[in-house]
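Worksheet: one structure, shown below.
Only heavy atoms go into these numbers, but all of them, side chains included; no hydrogens, no water, no symmetry mates. Keep in mind that what you see is a predicted model, and the values were worked out from it rather than measured.
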Amino acid sequence: MIGILKSMAQTARVVFRKPATVQYPEVHREIPNRDRAFPVLIWDEEHDEPFCTGCHACERACPVECMTVVMKDNPKHATGESKRRKIIDEFWIDYGRCMRCNICVEVCNFEAIGMNNTWAGHELSRFDRKELVMDLDQLMAQSKAGKVDPGLRA
Amino acid sequence: MVLEQGHAVEIVDMPINMGPQHPSTHGVFRMVLAVNGEQVVNVTPHIGYMHRGGEKLMEAMDFRQGIGYADRTEYLAQFHAELGYVMAVERLMDLKVPDRAEYIRVILSELNRLSSHFMFMGAFGIDAGLFGTSFTFAFVQRENLLDLFEEVSGDRLMYAYFRVGGLAWEVTDNFVQRVHEVLKQAQQGIRDLDDLMTKNEIFMGRCQNVGAFSAKQAISYGMSGPLLRASGVPWDLRKDEPYSVYDRFNFEVPVGNYGDVYDRYLVRLEEMKQSIKIIEQALEQLPPEGPIVPEKMPRRLRTPPGEVYSKVESPRGEWGVYLVSKGGDKPYRLKMRSPSFCNLSALREMTIGQYLADAVMILGSMDIVLCCVDR
Amino acid sequence: MLLAAPHINIDHPALRELAGLIVITLLMTVGVAYATWYERKIVARMQYRLGPTRNGPFGLLQPIADMLKLLVKEDLRPATADPVAWELSVFAIFIPAFLAFVAVPFTADWLISPLPLSLLYLVAVSGLSFIGFLLAGWGSDSKYALLGGMRAAAQLISYEIPLLLALLGVVMITSSADVYQIILYQDHVPLVVWQPLGFMIFLTASIAEVERPPFDIPTGESEVAGGVFIEYSGIRWSMFQLTSYVNMYVFALLGAFVFLGGWQFPFGTDWGWGWQLLLTVAKMSLFIVFYLWVRASLPRMRVDQLMSYAWKVLIPFALLQIFLNGLVIVYDAPDIALLLTSGAGALGLAYTAHKLVRRGAPRKPLQMVPVRARSSA
Amino acid sequence: MPFHTLLDNYLAVFLAVIIGFFLVATALIAARIFAPFSKEKGKSISYECGMLPIGQTRSQFHVRYYIFAILFVIFDVEAVFLFPWAVNLAHASYTAFWDMVLFIGILGAGLAYAWKKGVLQWNK
Amino acid sequence: MEQVTAQKAAPATTPEKQVEGAPVVVPEREKTGIEREAERLTPAPFEPGTALYRQILPGIVQVPADALLAVSRKASLWPMTFGLACCAIEMIATFMPKHDLDRFGIVPWPSPRQSDVMIVSGTVTKKMAPAVKLLYEQMPNPKWVIAMGACATNGGPYTRYDRVMQGVDKIIPVDVYVPGCPPRPEALMDGLLALQHKIMEERSK
Amino acid sequence: MENVAAGVSLQHYVVLSMILFSIGVYGVLARRNAVLILMSVELMLNAVSINMVAFAVYTAPSLFQGIIFAIFIIAIAAAEVGLALGVILRIFRNRGTANVDEVDSLKW
Amino acid sequence: MTQVFFYIMAATVISGALGVVLVRSVVYAALFLVMSLLGVAGVYLLLSVEFLALVQVLIYSGAVMVLIIFVLMLTRVEDLKQNLDGDQRPLAAVAALALLGAFITVASQTTWPRNVDELTVVPFTSISDALFNRWAVPFEIASGVLLVALVGAVVISMQEEGER
Ligand code: SF4
Ligand code: SF4
Ligand code: SF4
């Protein structure tokens, strides 16, 4: 009997405490700087081109093989605007398969890829799983707009 | 079974199928209970619904990639899983992990024990028929812990933070103070759950003398962790075979007298308090700064040939990793000794003769992780 | 509701009853819908949550949405189910619960029809619902359902006895089996004062009769995954839910009338029907909130504990209560004697309920094996 | 009380039966109209946690349920007998009271016997 | 066990029939491994089903009716409690105080009979596939499926293992894919909101 | 006191109870299943008690033994059903049948 | 109105009874029995014996039906492959009809001692008075019978314990 009253008192006490709920769609709570949502490519502001040189290191290191990298000669290098001889041509990441393990970021020697740490990196529900395969533009859009500053680069 | 007229009816036991989808078989465990009236006369566990070849895949991965799969195998005690895995590799490469890294590992592992036991408390309350309240109480605290983990490692569940030789990267600057905050809330949460369940007569009536298991039986089934300790065997790897830096802390190992469901609950409750004690000591001894990876850390992880078995005390018991290497950067053979599996093997003997409702309680008291059973 | 009150005089009694019943039906539906709403709200607050907030202001449209959705959901019948039993069970469960409203005096003059033995009537009618449970369990040809149905029937019948006996104690005091008379009797002191033991028994038995936690074994999610109703979907299932909430209301009202003095205590009859209705609803809500509170805080009992609690604790104590009342009344001792004896009995009940689980020797506490630091940093 | 009023009172009960019946019936019909129906064979398999049903459903039950049922019958009868007694207990004679105490005592003895025999135990 | 299942597989006998004669027992031929595999991989049948009111009501009434029903459906989506693997933990976390799905009127139910949406949270192995299909079939119309996490989407980290389904959409039609391993609770909520949008869009279908 | 019977006289009830009784008789004779026979017996009992009550309220209102009888009938019938069903259960467990024709030996 | 009610009730009772003796499934028979018993309760109401009607509902269609349905569940009579009716059906029908005819003739022949179109209401209190003063002894005996039934059932069940 006493124990029962005790537990009922406990629940009653909780009624007067503050609910822990964060009202999600309205309130987006503070997301840690190191948050690892999904890998995105970083945009090199001064040369106005991606850092990525398409060196395939991340592609090789990805445990689930969800990346595809195509490399090409850098036109800007010919004109001398940039020191990068090679540059990324095509880049696909299948977010539907990525396990967010951060390895691609660690192996990249050019700090060209980083983990998205914004809410945009999480709210990615799609009606068709093909739409989860992100191409180069989608991968770079965010950092082009200067919206992402990955807490975790290599 | 068709009834024949004219001779005595053999009274059949009603086979009841629990799982793979059932609110109270944790994950996709399936058991077929033969029930007579309300009494369970036979149990046939069916596992393998979650067998996804984690070990085999890890043999195809190098040592860094494997860590992620270790996480996903023991998804309630990820830090322990990682620790077991990286310790195995470190033993092979005989790397000396710097002190600071060791302390942070201990702190995070113990916090992880808290979060895992909170999960148990919640689920156990549900099994006892408590309408979600224990679950919510537990998860309020669990969320705090997960937030801390996320700040440190960058993910809520799959941390991949312990690396061979040390840690992936430095902890955050306000780590120590954040841990203190979280611990304060966690103590509050433990008190809440204590008030809610421990002394409640109905809860006692449901738990006491249910699924009692003697020390002898427990050992013979190779059980470990809270279940073994609840049966009265004071066996705890942190105490008997201290790995990491566990030999530098004072704490107590709770040991039960009856080995029934209630004792398992109490042991876990007490372990949470002990974990908090350990964490506080570790925070005191934690070197303010220092390396988190050895100085001469090789660029590529290549192990010499050999084999090693490393084990840690996970919230469910002895989590062991047996690793054979023939050189190179991949394990040649990898076997995980999953505590959930060994504990689960005792289910049949515990359950037979109990009530139908108690079968659920007993399964709940084992606190299994299905991916860890099937791997 | 005014419709049902006789001072809007619809001359023919049958018509008046009809109007009253229709009003009750509407009220009941809305009331049940919002019972689910505030159940979810209160329980959520007991769990650090908010409960429905997004559908309508404070989630006020949530119950409407749920009802509509359940209405427009396909309702399936398993091929192996027994068609007749399957179809009948809905009626067989709902109608008895609904019948109870006929004899419930919401205010002094709003009462569908005065039944001379309404107390007995209420119990008798609500006792019929087990047929529906057995039909649903047997008819839907699922083991969980069958198990749930048998459990439900066993539980209902076991707890009907203490319920009846507890009410008998009241009848002995008021010497009338009519709820109306019983309410009139408690103009100064509600009967809970004279009958603490009876009240406790009634409270427990009523929770068991409406199969709310901790007595929700027939529908225990963690064991029989929804129990009797497991196979039912859409509108049929929502009918079952409706019924269980209607039962909750009926027993809450019964408790409010019989033990808390309904609309009589403390203002008496002369404050007009508005006050009376307010009192009734308030006292009923007390019970309902109590049910929700218990639901959120107590684990489920096991079937054997349930049974032995009914037969070994409640019924003997109920008989004791009757005996004490009889002694006090026949040898006309002062009323205070009722309070004393019954209070003592209540303490005894509490103690027994405590002892029932604490069988045998008290448990040894855990042994703590100390571990000392061997090396240091 | 005069007869016709009694019948009128219970007229309400009959009305309630009818209304309740129509309530359920209309709900079911509305569902028929508004819900999307389709025929698939999997639907008509009874739910068993995602497995095909095993064993026979309408199978044996423990006789203990029957024991509790008969206990219930006995005590139900007793309670019903108690009602008229309780109603005019106030102006009843001592003998009536002790009669009933004897009655309860006899049935209580029955309960005690069942208790001693351990049928109340539900020993699994 | 096999024997008993064989009995159940016999055509359902209503009680009347049972009184006449014994329940029919057809001995089930042991299936070859290939057959069983094929059985596992065949997608579950799915008909959206048609509501009667579409035939009888005039179109002018149908439009508001559709809207109303769609709103009520999206306002109370009841998922089936169906935790498969690691993602299940995050799914549970989504029901819990911090991100309280009850705010959206989303409450879990144990039985598929009362649930509207099936959240496939985790790896679907080929051994599990029949159960998933059966449960999906047992859900009454209208019903939706959310594939939560990489595993449910396309096998995720375990794609390369043979006994793992390459995505649950191989066997049941999936409405919303939520990427992530595991998706954090907010992501799942985002998926549920997306599903609500979808329901509103498809109301006239 | 006004004519409360309002056109329903004693004969109505008597005839009703007789019809019920003979249906019960038919059941007892025709059915083979013990439980069904028991149900038919219940029908007969009910017929009898209808008769008793009817006579009581129509002819002997001053000392209504009929009603008291009916109450006792109900009470005893409850006990009787309990025992009878117990025996049927017993037979069923031992013989695998609830069929009266097959239970013809006094001992087995 | 009374007549209408009487005929409704009579119809319920008789159709229920017919269902009990004719229907081919035991469980349905039990359902029909419930219907018939409730009808009888209605008849008691018509006879203005409210208490008796409620007792009928409470004990007959409540308690007794629990017993019967439980036994149906316990002995899967439902699944027995045997037919429920004997071969002496026609005989039984003849006998029952003959009995009925005899009854009717007797009933119509009889001349009742006093006016039987009027019914006097028996108040509840007087019933209870009588029950506890004039009928005290049979009352105790009834309790004894109940006790015997209880003990008998327990004994049967204890035998049951042996083979489970
Ligand atoms: S992201 Fe980095 S590692 Fe990957 S291709 Fe580009 S530069 Fe190479
Ligand atoms: S995070 Fe891991 S899984 Fe994802 S793309 Fe990078 S390496 Fe591959
Ligand atoms: S997606 Fe990742 S977290 Fe989810 S079940 Fe698969 S492996 Fe586990």
Heavy-atom proximity to chain A below 4.5 Å, by part of [X]:
X	value
E:Pro183	backbone
E:Leu193	side chain
E:Asp100	both
E:Pro185	neither

Which distance, rounded to the nearest 0.5 Å, do you find between the [atom1] of [X] and the [atom2] of [Y]?
X	Y	atom1	atom2	result
A:Trp119	E:Asp190	CH2	CG	10.0 Å
E:Gln166	A:Arg97	CD	CZ	7.0 Å
E:Leu195	A:Ser125	CG	OG	10.0 Å
A:Arg126	E:Thr153	CZ	OG1	12.0 Å
E:Cys181	A:Phe38	SG	CZ	8.5 Å

Shortest non-hydrogen contact from [X] toward [Y]:
X	Y	value
E:Tyr177	A:Phe127	CE1-O, 3.7 Å
E:Ala150	A:Cys98	CB-O, 4.4 Å
A:Arg100	E:Pro182	NH1-O, 2.7 Å

For the candidates A:Cys101, A:Ala37, A:Ala20, A:Gly121, which exhibits the highest count of non-hydrogen atom pairs separated by less than 4.5 Å from chain E?
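Among the listed options, the one with the most contacts to chain E is A:Ala20.
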Counting heavy-atom pairs under 4.5 Å to chain E, which of A:Glu65, A:Glu131, A:His28 comes out on top?
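Looking at each option in turn, the highest pair count goes to A:Glu65.
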Taking every heavy-atom pair that is under 4.5 Å apart, which of E:Leu188, E:Leu192, E:Asp169, E:Ile146 has the most such pairs with chain A?
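The answer is E:Asp169.
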Quick one: what part of [X] sits under 4.5 Å from any heavy atom of chain E, side chain, backbone, both or neither?
X	result
A:Arg129	both
A:Pro63	backbone
A:Leu124	both

Expected output: side-chain A:Thr21 to main-chain E:Pro97 donor-acceptor under 3.5 Å
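Checked: pair present.
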If we only count heavy atoms from C-beta on, is the A:Leu132 to E:Asn154 side-chain gap below 4.5 Å?
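Counting from C-beta outward, A:Leu132 and E:Asn154 never come under 4.5 Å.
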pair E:Lys98-A:Val22: side-chain heavy atoms closer than 4.5 Å:
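With C-beta onward as the side chain, the pair touches.
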Would you please name every residue forming a side chain to side chain donor-acceptor pair (under 3.5 Å) with A:Arg60, sequence neighbours left out?
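Not a single residue meets the side chain to side chain donor-acceptor pair (under 3.5 Å) criterion with A:Arg60.
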Kindly check if the number of other-residue, nucleotide or ligand heavy atoms within 6.0 Å of CD (A:Glu30) is above 12?
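No, CD of A:Glu30 has 12 or fewer neighbouring heavy atoms, counting only those of other groups under 6.0 Å.
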Going through the checks in order, is the side chain to side chain contact (heavy atoms under 4.5 Å, CB included) test met by A:Arg29 and E:Glu186?
CA-CA 10 Å; A:Arg29 65 188 160 118; E:Glu186 286 84 354; 3.0 Å; yes
